[in-house]
Structures are given as C-alpha cells and as structure tokens.
Trainee: 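Take this structure, written in structure tokens, and hold onto it; I'll ask about it next.
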Amino acid sequence: MIALTDCNNFYASCERVFDPSLNGKPVVVLSNNDGCVIARSNEAKALGIPMGAPVFKYRRLIDAGKVHVFSSNFALYGDMSRRVMNLLSEHARNIEIYSIDEAFLDLGEGGDLYEAARTLREKVGRCTGIPVSIGIAPGKTLAKVATHIAKKRPGTGGCFLLADAEQIKKEVENFPVRELWGVGRRLTVRLRKMGIENAGQFTALSDAFVRREFTVNGLRMKKELLGGSVIPLEPSDRSKKSICTARSFGEMVQSREHLEQAVSSHTVTCAEKLRRQGSLASSMMVFIHTNAFREDLPQYRRNIVVPFPATQNTLSLVKTAKTALGKIYRSGYQYKKAGVILLDISPADRYQRDLFREDPREEDDMRLVKAVDMLNAKYGRGTLRLGDQGLRDKHALRQRRRSRSYTTQWEELLEIGEEEG
DNA sequence: TCTGGGGTCCTAGGACCC
DNA sequence: TCTGGGGTCCTAGGACCC
C-alpha cells in the first residue's frame, strides 16, 4: 500500500509555525517579485482568492479581508520541508519525495494502516507544526484521490484509507475527472466533450480507446483507478536531467550589460546545482523575453541552445552563456525575464575525455571553482562572486514582506520575550 | 503601476543507418 | 502505374506536475 502525504497550504502553514497569532486568519504567500498568490490558508481560499491570482487584481479583496501577506521565503520553506521529510522517512519502508510538500510512502502490507497514518500525522504536527493530510491506497493515483478526500471531506481526521474494492469503486465513480493526478486543463476539456465528468466514466472506456486517445499515460491512469499499481515509487535522489535558473526582473531591463549580469548570475547558480549533484552538462539554453502582459509594448522572445564539451566549470559556462546571449539580444526592447537551462546532463565520474581537445585551463579553473564553493559554503552564498555578475544585484527581487529565515540564519532566529513566557 | 519558478514525460516527424 | 523492412536518434511541441 502507498500513502501520499501532503502538507496543507504548505507555505502559509510555514509562516504560521513562527507566528501562531496567524492561526484562524487568512494568510497568503506571494511569488517572486510579490507578483502572484502561490499559497493560501483555508481562510484566504474562503475569501475567494484564487491560486495564481495576480496580487494587484485582488488588492481590494486582500485589504478588505484583512489578509496577512508574505513574500516567498524559500530558505524557510525548504528547511521546514526537510524536517517533515526526515520524520516521514523514519516511518516508511521507502519514500519518494515528490515535491517540496508531498511524499509517497511505501507502508508495506500489514497492520492498521489508518491508525498508522493518524499517528504519523500527529507526530509531524507535533514535531514541525505543519498540518498534513494522508491518503492510503494500492497505487499512487488512488493515493492522490485518497489524500484529496482526506483534505476535503469533514470527519476524516486528515487521513483516508482507500483499500477495499467496493469502496474504491464507489469513490472513483464520484470523483471529478479534472481533479485526477495527470489530468490538466486540456484533458479536462477533451474529456468533457466526450461526456466524461467523473473518474468512473473514464475507467469504463476500453483500453484500446484510452491508449489511442490519451497515450500510455491514460492507460496507466485507468489501471491505477481500477485498483492496480503500475506507477512505481521513484528514488528521491535521482539526478536532474535539466537544471534551470530563471527570474523575472523587478523592473524591466533594457541594456545588454544588465541582461549579461543576470544571465551570468543564473549560470553561476545552475553550475552550483550541477556540481552539487555531481554532474556535467554539455549544452545549455539561454532565453530572454519581454513582458507578454504588456500588449502596448513591442514584444520579443527568443532562446538559443548551444552545445559544448561536458563541463561543470562555472567560468567556461558563464563565457558560453554570455556568447549565447549576444546572439539573441536585440536592443530597443524592455526585457522582463532571463533564464538559463543546463541540458544533456551526465554523471561526472563517467566523463569521457576528448583526446585532442583538452582545455589546458580546465584543471586550474576547477581548483578555483571548488575553492569558491568552499568559501561560499562556509561564509554564505554569494560571498565570492564573479565580476560578470555585477557589483550589486541590480536585478534584485521585489520582496517587501518577507518573514525571517528563522531556521537557517543565526541572525534571524526567533526571539521569545519574557512577557510571552 | 502591478502577472512565478522549476521540473518530467510522450509523440510525431524527419534524418539517418544497414 | 508500379519502388522493402527494420531500426535508432534527434527535435519541437504539447501536456502534465508541484
């Protein structure tokens, strides 16, 4: 049996852990640059603030509803996630960390699984302050369904066991197809045109039809909805096949120099991630674009992919990225976003060297890069930076309402005054 | 005025191999 | 008029996830 553990309103819940006066009040967390709403407490959802809503469009509602607003604080959320995942791993035979706030657990067969889930939920709540919902079922797709029920249906106590055949059939029949794991906007529309609104109707379609219309993914989904388990648990430590760093600018950017600094910084970040997972990349994509929402302004968007001998060397990667940017940059536009994606990633320990094209500087470069990594690890990210990145972060994010990094910075620890006990 | 960031997988079609 | 069979690799585009 597989359990899916999902943290409730995760980012909003993280903020509440360190300010319990927010309990019972509407809380939202914003995306980078304080642009969109990316997490909402139940109270904020009840006010009618949608997921992904641009803040300025809901300004009135937010002000009127006395909503507590936070800029995103990923240092905090990442660390809280790590704590939750550590606890979960202690109570499962195997765990797949599926996202920052979700994990699939292999619970094995025996015992009272519902009770086990209740105990685990209570423990995570007590040790981390994060409320979670747990759904248990024979496969991942039904575990997702079970978690959905655990979260929405009153009286479940935050846990739901979907095990016997009759019960599975009944729940699947009533489950809206658009809420299924693997069904997005497009599929919802296509299914509706076929008259399919709930998961039961979907499972009634023939295998051949499902395969033809919805590919192997659709077929896997059907089998899992019927109680099978065909989507295996993946190891959580799989290395990434692509590594991306991209940001919107707080204010639009025109100059090539400024874009170069942003692209250089993103490349440095990508290269750090690349080395951390012990990989090499042998191509990269650099992309820039203007603000598509500003229909009154001239639009430009372009990307370029460049191949190169496999490396994890920041210096050569930045050089490549700057050359690539030069090929796609056009003056006269107001740019909103720039990004870098490392591609064709392979393990560093299986690197096949090129007999005829060895870069003599590579070895020296790597010694330097590793020394920089060490110093940045010891004294904090960005302590040592490349000149290419610019002296100051001119493209700094807008983050007006960020909470403190309570768990990852000594200077930002939570202080508890005497009057509060 | 103001609209996020980071990923994975599948398919179709073209180029190429013998 | 009529032109084989079997395969791999790559890419772009589309769809999905959180």
Side-chain angles (χ1 to χ4, degrees), chain A residues 4-11 28-39 49-60 62-63 69-74 77-78 81 96-104 140-141 144 147-148 177-191 211-221 231-232 234 236 238-252 266 269-270 273-274 277 282-283 285 287 289-297 303-305 307 334 336-345 397-400:
Chain A
L4 172 68
T5 307
D6 192 331
C7 300
N8 300 345
N9 316 325
F10 183 54
Y11 299 164
V28 300
V29 177
L30 307 183
S31 63
N32 276 334
N33 288 316
D34 296 344
C36 294
V37 173
I38 57 168
I49 302 170
M51 180 65 173
V55 182
F56 69 92
K57 283 194 181 168
Y58 291 85
R59 176 58 57 201
R60 269 229 205 101
I62 287 170
D63 291 345
V69 179
F70 290 88
S71 302
S72 41
N73 182 349
F74 289 109
Y77 312 148
S81 169
E96 173 189 344
I97 297 172
Y98 179 66
S99 73
I100 194 165
D101 73 328
E102 281 181 55
F104 290 104
K140 283 175 151 184
T141 307
K144 277 275 195 182
T147 304
H148 190 91
V177 84
R178 76 182 124 77
E179 306 284 357
L180 284 172
W181 186 47
V183 176
R185 266 206 325 272
R186 303 297 183 120
L187 277 187
T188 302
V189 172
R190 278 182 61 204
L191 287 163
R211 167 70 241 237
R212 179 158 34 87
E213 292 293 321
F214 306 106
T215 81
V216 296
N217 290 323
L219 203 51
R220 283 193 200 119
M221 188 161 77
I231 306 174
E234 309 265 357
S236 305
R238 257 195 337 177
S239 24
K240 301 274 185 253
K241 297 171 182 173
S242 67
I243 292 176
C244 172
T245 305
R247 292 286 178 281
S248 298
F249 300 112
E251 279 163 32
M252 300 225 257
H266 296 338
T269 308
C270 280
K273 296 182 193 172
L274 185 69
Q277 73 165 31
S282 54
S283 71
M285 178 190 284
F287 65 88
H289 61 77
T290 51
N291 186 347
F293 292 104
R294 291 293 300 272
E295 287 166 12
D296 53 322
L297 295 176
N303 68 64
I304 181 170
V305 178
Q334 302 199 46
K336 179 62 180 169
K337 186 169 181 174
V340 174
I341 309 175
L342 297 182
L343 303 160
D344 290 319
I345 289 173
L397 297 172
R398 240 191 342 251
Q399 290 204 317
R400 298 225 180 86

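No experiment lies behind these values; they were computed from the predicted model shown. We name chains A, B, ... by the order of the sequence lines, and we start the count at 1 in each one.
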Trainee: Would you say A:Arg294 places a side-chain N or O within less than 4.0 Å of OP1 or OP2 belonging to B:dT1?
Mentor: no
Trainee: Taking only the P atom of each, what is the distance from B:dT3 to C:dC18 in whole angstrom?
Mentor: 25 Å
Trainee: Consider the side chain of A:Lys240, meaning its heavy atoms from C-beta on, and name the nucleotide among C:dC18, B:dG7, B:dG4 that approaches it most closely.
Mentor: B:dG7
Trainee: Atom NZ of A:Lys336 and atom C1' of B:dG4: how far apart are they, to the nearest Å?
Mentor: 10 Å
Trainee: Measure the distance from CD1 on A:Ile341 to P on B:dG7 and round it to the nearest whole Å.
Mentor: 9 Å
Trainee: Establish, from distance only, whether the side-chain atoms of A:Asn33 and A:Ser248 form a donor-acceptor pair under 3.5 Å.
Mentor: no
Trainee: Is A:Arg59 close enough to B:dT3 that one of its side-chain N or O atoms is under 4.0 Å from OP1 or OP2 there?
Mentor: no
Trainee: With a 4.0 Å limit, can you tell me whether A:Ser99 has a side-chain N or O closer than that to the phosphate oxygens OP1/OP2 of B:dG7?
Mentor: no
Trainee: What is the base-pairing partner of B:dC18, counting Watson-Crick and G-U wobble geometry with both distances under 3.5 Å?
Mentor: C:dG5
Trainee: What is the distance from CZ of A:Phe74 to P of B:dG4, rounded to the nearest Å?
Mentor: 12 Å
Trainee: Between atom NE2 in A:His289 and atom P in B:dT3, what is the gap in whole Å?
Mentor: 12 Å
Trainee: What's the closest nucleotide to the A:Arg247 side chain, out of B:dC9, B:dG5, C:dC18?
Mentor: B:dG5
Trainee: Work out which heavy atom in A:Val340 is nearest to a heavy atom in A:Cys270; give both atom names and the distance.
Mentor: O-SG, 3.6 Å
Trainee: What integer distance in Å separates A:Ile49:CD1 from B:dT3:P?
Mentor: 18 Å
Trainee: Hey, is the side chain of A:Arg238 poking within less than 4.0 Å of OP1 or OP2 on B:dC9, counting only N and O atoms?
Mentor: yes
Trainee: Any side-chain N or O of A:Lys337 below 4.0 angstrom from OP1/OP2 of B:dT3?
Mentor: no
Trainee: Round to a whole Å and report the spacing from CG of A:Leu343 to C1' of B:dG7.
Mentor: 12 Å
Trainee: Can you tell me which nucleotide in C:dC18, B:dT11, B:dG7 comes closest to the side chain of A:Glu102?
Mentor: C:dC18
Trainee: Taking the six-membered ring for Trp and the single ring otherwise, decide whether the centroids of A:Phe70 and A:Tyr11 are under 6.0 Å apart.
Mentor: no
Trainee: What nucleic acid atoms does A:Leu180 come within less than 4.0 Å of, heavy atoms only: base, sugar-phosphate, or nothing?
Mentor: sugar-phosphate
Trainee: Using a heavy-atom cut-off of under 4.0 Å over every strand shown, decide if A:Asp34 touches base, sugar-phosphate, or nothing.
Mentor: nothing
Trainee: Are the side chain of A:Arg185 and the backbone N or O of A:Arg178 linked by a donor-acceptor pair below 3.5 Å?
Mentor: no
Trainee: Closest nucleotide of DNA chain B for A:Gly35 versus for A:Ala246: which of these residues is on the 5' side?
Mentor: A:Gly35
Trainee: Just call it for A:Leu187: base, sugar-phosphate, or nothing, with non-hydrogen atoms closer than 4.0 Å on any strand.
Mentor: sugar-phosphate
Trainee: Within the structure shown, what part of the strands sits under 4.0 Å from A:Ile243 by heavy-atom distance: base, sugar-phosphate, or nothing?
Mentor: sugar-phosphate
Trainee: When you measure from the side chain of A:Asn291, which nucleotide among B:dC10, B:dT3, B:dG6 comes out closest?
Mentor: B:dT3
Trainee: Where each residue is assigned the nucleotide of DNA chain B containing its nearest heavy atom, which of A:Pro54 and A:Cys244 is assigned the position nearer the 5′ end?
Mentor: A:Pro54
Trainee: Using whole Å, report how far CD of A:Glu213 lies from P of B:dA12.
Mentor: 12 Å
Trainee: Do the side-chain N or O atoms of A:Lys144 get closer than 4.0 angstrom to the phosphate oxygens (OP1, OP2) of C:dC18?
Mentor: yes
Trainee: Kindly check if the number of other-residue, nucleotide or ligand heavy atoms within 6.0 Å of CZ (A:Arg186) is above 12?
Mentor: no
Trainee: Side-chain N or O of A:Arg400 less than 4.0 angstrom from OP1 or OP2 on B:dC2?
Mentor: no
Trainee: Fit a plane to each ring of A:Phe104 and A:Tyr98, take the angle between them on a 0 to 90° scale, and name the class: parallel (under 30°), tilted (30 to 60°) or perpendicular (over 60°).
Mentor: perpendicular
Trainee: Base, sugar-phosphate, or nothing for A:Arg60, non-hydrogen atoms under 4.0 angstrom?
Mentor: nothing
Trainee: Can you tell me if the side-chain N/O atoms of A:Thr245 get under 4.0 Å from OP1 or OP2 in B:dG5?
Mentor: no
Trainee: Distance alone, cut at 3.5 Å: any donor-acceptor contact between the side chains of A:Asp34 and A:Ser71?
Mentor: yes
Trainee: Tell me: OH of A:Tyr77 to P of B:dG5, nearest whole Å?
Mentor: 15 Å
